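All remarks here apply to the structure that follows.
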Amino acid sequence: MRVSVLGLGYVGCVSAACLASMGHEVIGVDVNPAKVDLVNDGKAPVVEERIGELIAEVVRTGALRATGDVREAVMGSEVTLVCVGTPSEPNGSLCTTYLERVTEQIGSVLAERNGQGGDGHDARQTVVFRSTMLPGTCLNLLVPILEKHVGGTAGVDFGVAVNPEFLREGTSVRDFFDPPKTVIGTLDPVSAEAVAALYDGLPGEVFRVPVPTAEAIKYADNAFHGLKIGFANELGAVCQALGVDSHQVMDVFLADSKLNISPAYLRPGFAFGGSCLPKDLRSLVHAAQRADVSVPILAHVLPSNSAHLQRAVEMVERTGKRRVGLFGLSFKPGTDDLRESPLVELAETLFGKGYDLRIHDANVSLSRLLGANREYIETRLPHLADLLADSVSEVLEHAEVCLVGTKDPAVLSALPHGEGPLLIDLVRLPDAEKRRTEPGYMGLAW
Ligand SMILES: NC(=O)c1ccc[n+]([C@@H]2O[C@H](COP(=O)([O-])OP(=O)(O)OC[C@H]3O[C@@H](n4cnc5c(N)ncnc54)[C@H](O)[C@@H]3O)[C@@H](O)[C@H]2O)c1
C-alpha cells in the first residue's frame, strides 16, 4: 500500500520504517526540516534499538522517503497515518492543537483531490489516527474538521480509523513486529480492512471496535500500567519498612494466576466489601503510616470504593423517587455474610436519607430463618431487619426505583422489562445489553 505518515517522532518514525520494511511504499512528513533531512539521509531522527539500521535499509531501497509537504505525501498515498504529538497542557488537559492543524491540512488536500476529480484510479483515502487522544476527540473534533474541508461524509467519502500505538520506547521496533494486540476503531468496515491490510502478517489478536472504544483502550492500558508500577513500588516500600523482601513477596504474588495476574476483579461493577478487603487495606495503610512510608495509592483505595458507592446513592437521588427497593444485601453472592457489605452501607445511607426502603436477599432471609445471622441482623442492623422482605414480588410492588445488587436467578427472572419500577443495575445484569435500550433502565457499570 502507499502510506503517508504525518509526524516523525517516536511513533511516526518507527511506524514509517517498519511499514516500509514490510513492503509498503511510505512517505514520512514532519514540520521539523532536520527530521526530514535525517530520514532522507538514511538516518533515524530518534534513538531506538534497531531503528538506525532499519531506516538506512528502507531509505536505500526507496521504500521510505521524507518530505515537509503534507500535500505531496497525502496525494501520493491511499492511507494516511497521523502520528503527531498530543502533549499535556499546563492544566493537565490534552493538547489537540497539532492534531487539529494536521487534520485541517489533510482535509484541504482531500478537498483539492476531489475537486480535480482524481485520475480515475484513486482509492478512497483512509485517515488513521495513531496519536493518543481522549474518547470523543476523533468523532467530535477531528471528523467534523475533515468533513467540513472535504465536503463529504466520513465512512462514506473517505475512511477514518483510530489505531492506537502500543509500542514502548526503547523496544519499539521489536514491539511493532510483535504487538500485544492491534486495535482498529472505525465507522465502517472498508476503513477497518484498509488498516488491517497494513499490518497483514503481524502476530497478535486484532480487535475491531467503535472509535471511542479504541481511544479509551489506550487510556485503560496506560492508566493500568502506571497503577501497577505505583502499586508495586508502594508495596515494596512497605515491605522494606517492615523488614520483608518485597521481591520474594511479588514472586509468589505473581505466581497466582487465578486471583492476581488474571481477569479477576477487573470488570466494572459495584463497590467491594466483606470481612477482609476493607480491614486489611486499613491495617496495611496504618502500618505504612506508622513507619512513615507514604502510600497514596493504597491509602486511596477505600476512598475510591466509597466514591463508587456514592455514585449509586446519587443515581437514586436523581430519579426523585422515594420508594426504593434493593435486591441483594450480603457482601457477595452465595453468602449470608453482612459484615462490611457495601450493600448494607448503601441501604444504611438510603435509610438515613429517609428513603422508604424494602430489601430482599434470599440468602439473608434464609439465614435469618435458621437463626445463623439473626443475632447480627437484629442487634447490629435492627433498622434494616424491619425492611427485609421475604419475596422478590413484595419489593417490586413497593418500589418506584429498584437497585439490583445481585444476579440471583430468582430476582433476574422477576425483573420487569421497560415497565414497573425504574431499575438501577449495580452488577451489569446478564441481559444488560438488551435492557440498556429499555425505558427506566440505568446501569452503574457502563
Ligand atoms: N512515544 C511513545 O512511546 C508513544 C507510544 C504510544 C503512543 N504515543 C502517542 O503517539 C503520539 C505521538 O507520540 P511521539 O512520542 O511520537 O511524539 P513526538 O513529539 O516524538 O513526535 C511528534 C512529531 O510530530 C511532528 N508534527 C507536529 N505537527 C505536525 C504537522 N502538522 N505535520 C507533520 N508533523 C508534525 C513533530 O514535529 C514531531 O516530530 C502521541 O499522541 C503519543 O501520546 C506515543
Side-chain angles (χ1 to χ4, degrees), residues 3-19 26-40 43-51 55 65-77 80-89 92-110 127-138 141-142 145-146 149 161-176 178-185 199 204 214-226:
V3 184
S4 47
V5 176
L6 308 191
L8 293 173
Y10 283 91
V11 169
C13 175
V14 170
S15 300
C18 294
L19 288 169
V26 183
I27 313 178
V29 185
D30 207 287
V31 284
N32 181 343
K35 292 193 180 184
V36 172
D37 291 344
L38 277 170
V39 170
N40 283 332
K43 296 187 184 124
V46 297
V47 177
E48 274 288 311
E49 184 187 279
R50 280 173 60 190
I51 192 72
I55 291 205
R65 65 186 177 86
T67 170
D69 186 355
V70 172
R71 183 182 172 281
E72 176 196 345
V74 174
M75 281 285 192
S77 60
T80 297
L81 302 187
V82 176
C83 304
V84 298
T86 49
S88 281
E89 296 284 17
S93 66
L94 189 78
C95 168
T96 54
T97 310
Y98 307 115
L99 273 176
E100 291 172 63
R101 200 171 299 151
V102 84
T103 304
E104 284 163 8
Q105 291 173 301
I106 298 167
S108 304
V109 179
L110 297 186
V127 183
V128 183
F129 293 98
R130 303 219 78 194
S131 303
T132 300
M133 52 200 186
L134 285 165
T137 308
C138 178
L141 179 70
L142 304 175
I145 293 176
L146 286 170
H149 279 82
V162 166
N163 169 224
E165 170 60 70
F166 300 107
L167 60 80
R168 295 163 296 175
E169 283 181 25
T171 55
S172 55
V173 174
R174 236 187 302 152
D175 290 345
F176 183 96
D178 189 13
K181 58 188 174 273
T182 298
V183 174
I184 306 175
Y199 304 114
E215 293 168 316
I217 286 166
K218 182 70 192 169
Y219 282 91
D221 282 17
N222 278 355
F224 189 49
H225 299 165

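When a ligand or atom number is given, it counts from 1 through the structure's own listing order. None of the values given here were measured: they were computed from a predicted structure.
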Is the backbone of [Y] close enough, under 3.5 Å, to the side chain of [X] for a donor and an acceptor to pair up by distance?
X	Y	answer
N163	V128	no
S93	E89	no
D175	F166	no
K218	E165	yes
E215	G136	yes
D30	K35	no

Is the contact between [X] and ligand 1 made by the side chain, the backbone, both, or neither, using heavy atoms and a 4.0 Å cut-off?
X	value
P45	neither
R168	neither
M133	neither

Residue and atom name of the nearest protein heavy atom (relative to [atom]), distance in Å to one decimal:
atom	value
atom 10 (O) of ligand 1	V11 CG2, 3.4 Å
atom 9 (C) of ligand 1	T132 OG1, 3.4 Å
atom 30 (C) of ligand 1	V31 CG1, 3.6 Å
atom 36 (C) of ligand 1	D30 OD1, 3.5 Å
atom 17 (O) of ligand 1	G85 CA, 4.1 Å

Decide whether an N or O pair under 3.5 Å exists between [X] and ligand 1.
X	value
G12	no
R130	no
E165	no
Y10	yes

Under 4.0 Å from a heavy atom of [X]: give me the atoms of ligand 1 that qualify, with their elements.
X	answer
K35	38 (C), 39 (O)
G9	16 (O), 18 (P), 20 (O), 21 (O), 23 (C), 39 (O)
V102	30 (C), 31 (N), 32 (N)
L167	3 (O), 5 (C)
G7	23 (C), 24 (O), 25 (C), 33 (C), 34 (N)
C83	12 (C), 22 (C)
T86	40 (C), 41 (O), 43 (O)
Q105	31 (N)

Checklist entry - Can you list every side-chain hydrogen bond (donor to acceptor under 3.5 Å, both in side chains) pair that touches residues 66-77, not counting sequence neighbours? => result S4-S77, R65-E72, T67-E72, R71-E112, S77-Q125
Next on the checklist: Nearest 0.5 Å, please: how far is CD1 in I106 from CG in L6?
Outcome noted: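 Result: 5.0 Å between the selected atoms.
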Next on the checklist: In the structure I gave you, are the side-chain heavy atoms of S172 and I51 within less than 4.5 Å of one another anywhere?
Outcome noted: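 They are not in side-chain contact.
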